[in-house]
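Written out below as structure tokens is the structure these notes cover.
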Amino acid sequence: MYEDIKQQVLDAILEAQKIGLIHGTSGNVSVRGEDDNIIAITPSCVPYETMKVEDIAIVNLDGEWIEGPHKPSSETPMHTAVMRARSDVRANVHTHGKFATIMAMSGEDLLPSSPPEAEFTPIKVVPFTMPGSDNLAKNVVSTLADKRVVLLKNHGMFCTGADIGNAMAAAIYTEEMAEICMFSKLLGTFDALPEDVVANIQAMIAADKAV
Ligand SMILES: [Zn+2]
């Protein structure tokens, strides 16, 4: 059952691996089903290279394992807590991206350097909390508030979206933003987009005008 959302999870995790957003079995992806209470999520400890649609786990909104041969991701609490808190969120991507992890160490908000990045900013940092814990899930929900992305200190990033394409785009732009930010700070030239420009861009995106 739930082939469609399982396939979306598998396609996304393979794509994330192909473009270097995740390595090994790190990172995880979830997609909410038509039934709001059903979520497809990557299983724990299955190598992505050999993963098949039937390996993807199904959990309910409380994180209880409903279907699939392997245990759902150890980060399931984070994925389900965000979906419980935000009915607009239908997909999540969590990565241990190198540049996101570097920038999360500063504890400072990540700011945009180009227009497409402005959609997700400011990106706040969740203080270090044990991976897989309910506390981490709680901290992600409160730091995320009504935004789409948070950085996780000494861990990586957590991105949300109205669909899986949306959540993947947030992950790609966040990693890019973190890389640009790190190199420009090293050069001493970092200069974020001005706040009024960011507000204008966000208003355009809200009105469905492309940036
Ligand atoms: Zn993780």
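The figures here come from the full heavy-atom set of this structure, side chains too, leaving out hydrogens, waters and symmetry mates.
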Practice task
Grab the two heavy atoms, one from Tyr48 and one from Leu14, that are nearest each other, plus how far apart they are.
Solution key: O-CD2, 3.3 Å
Exercise for the section: If the plane angle is over 60° it's perpendicular, under 30° parallel, otherwise tilted; pick one for Phe183 and Phe99. Expected result: tilted
Handout entry: Met78 with Ile41, same ILVMFWY side-chain cluster at under 4.5 Å
Key = yes
Problem - Closest approach of Arg148 to Gly161 (non-hydrogen atoms, all atoms of both residues) - result: NE-CA, 3.9 Å
Handout entry: Cluster check Tyr2, Val46: I/L/V/M/F/W/Y, side chain < 4.5 angstrom
Key = yes
Exercise for the section: Please round to the nearest 0.5 Å and tell me the distance separating atom CD of Glu175 and atom CG of Leu21. Expected result: 6.0 Å
Handout entry: Joint cluster assignment, Met1 & Val31, ILVMFWY side-chain distance < 4.5 Å
Key = yes
Practice task
Would you name the heavy atoms of His23 and Gly20 that are closest together and state the gap between them?
Solution key: NE2-O, 3.5 Å
Problem - Cluster check Phe158, Phe128: I/L/V/M/F/W/Y, side chain < 4.5 angstrom - result: no
Exercise for the section: Would you check if the side chain of Asp62 reaches a backbone N or O of Glu64 as a donor-acceptor pair within less than 3.5 Å? Expected result: no
Exercise for the section: Count the heavy atoms belonging to other residues, nucleotides or ligands that lie under 6.0 Å from CD of Glu54, then report whether that count exceeds 12. Expected result: yes
Problem - Side chain Asn37, main chain Leu61, donor-acceptor under 3.5 Å - result: yes
Problem - Asp146 bridged to Arg86 by N-O distance under 4.0 Å - result: no
Handout entry: Any donor-acceptor N/O pair, Arg32 side chain to Ile38 backbone, under 3.5 Å
Key = no
Exercise for the section: State whether Lys6 and Glu67 are salt-bridged, where the test is any N-O pair (Lys NZ or Arg NE/NH1/NH2 against Asp/Glu carboxylate O) under 4.0 Å. Expected result: yes
Between side-chain atoms of residues 103-117 and protein atoms elsewhere (two or more places apart, or another chain), which donor-acceptor pairs fall under 3.5 Å?
| residue | atom | partner | partner atom | Å |
| --- | --- | --- | --- | --- |
| Ser106 | OG | Met103 | O | 3.0 |
| Ser106 | OG | Glu108 | N | 3.1 |
| Glu108 | OE1 | Lys185 | NZ | 3.4 |
| Asp109 | OD2 | Lys124 | NZ | 2.9 |
| Ser113 | OG | Glu117 | OE1 | 3.0 |
| Glu117 | OE1 | Ser113 | N | 2.8 |
| Glu117 | OE1 | Ser114 | N | 3.4 |

Practice task
Determine yes or no for a side-chain-to-main-chain donor-acceptor pair under 3.5 angstrom, with Asn166 supplying the side chain and Asp163 the backbone.
Solution key: no
Handout entry: Sidechain-backbone polar pair: Ser133 side chain, Met130 backbone, donor-acceptor under 3.5 Å
Key = yes
Problem - Pairwise distance CD1(Ile205) to CG(Asn200) - rounded to 0.5 angstrom - result: 11.0 Å
Handout entry: Nearest-0.5 Å distance, OG of residue Ser30 to CD1 of residue Ile164
Key = 7.0 Å
Completion exercise
For Val9 and Val29, the nearest pair of non-hydrogen atoms, with its separation, is CG1-O, 3.8 Å
Practice task
Please check if the side chain of Lys147 supplies one atom and the backbone of Thr121 the other of a donor-acceptor pair under 3.5 Å.
Solution key: yes
Exercise for the section: Taking all heavy atoms of Val149 and all of Ala170, pick out the closest pair and write down the distance. Expected result: CG2-CB, 3.8 Å
Practice task
Report the residues that fulfil side-chain hydrogen bond (donor to acceptor under 3.5 Å, both in side chains) with Thr129, sequence neighbours left out, ordered by chain and then residue number.
Solution key: Asn139
Exercise for the section: Decide whether Ile180 and Tyr173 are clustered together by the hydrophobic rule: side chain heavy atoms of Ile, Leu, Val, Met, Phe, Trp, Tyr closer than 4.5 Å, transitively. Expected result: no
Exercise for the section: Check Met168 against Ala16 and note the closest heavy-atom contact, atom names and distance. Expected result: CE-N, 3.9 Å
Practice task
For this output row, return yes or no: ring centroids of His94 and His155 closer than 6.0 angstrom.
Solution key: yes
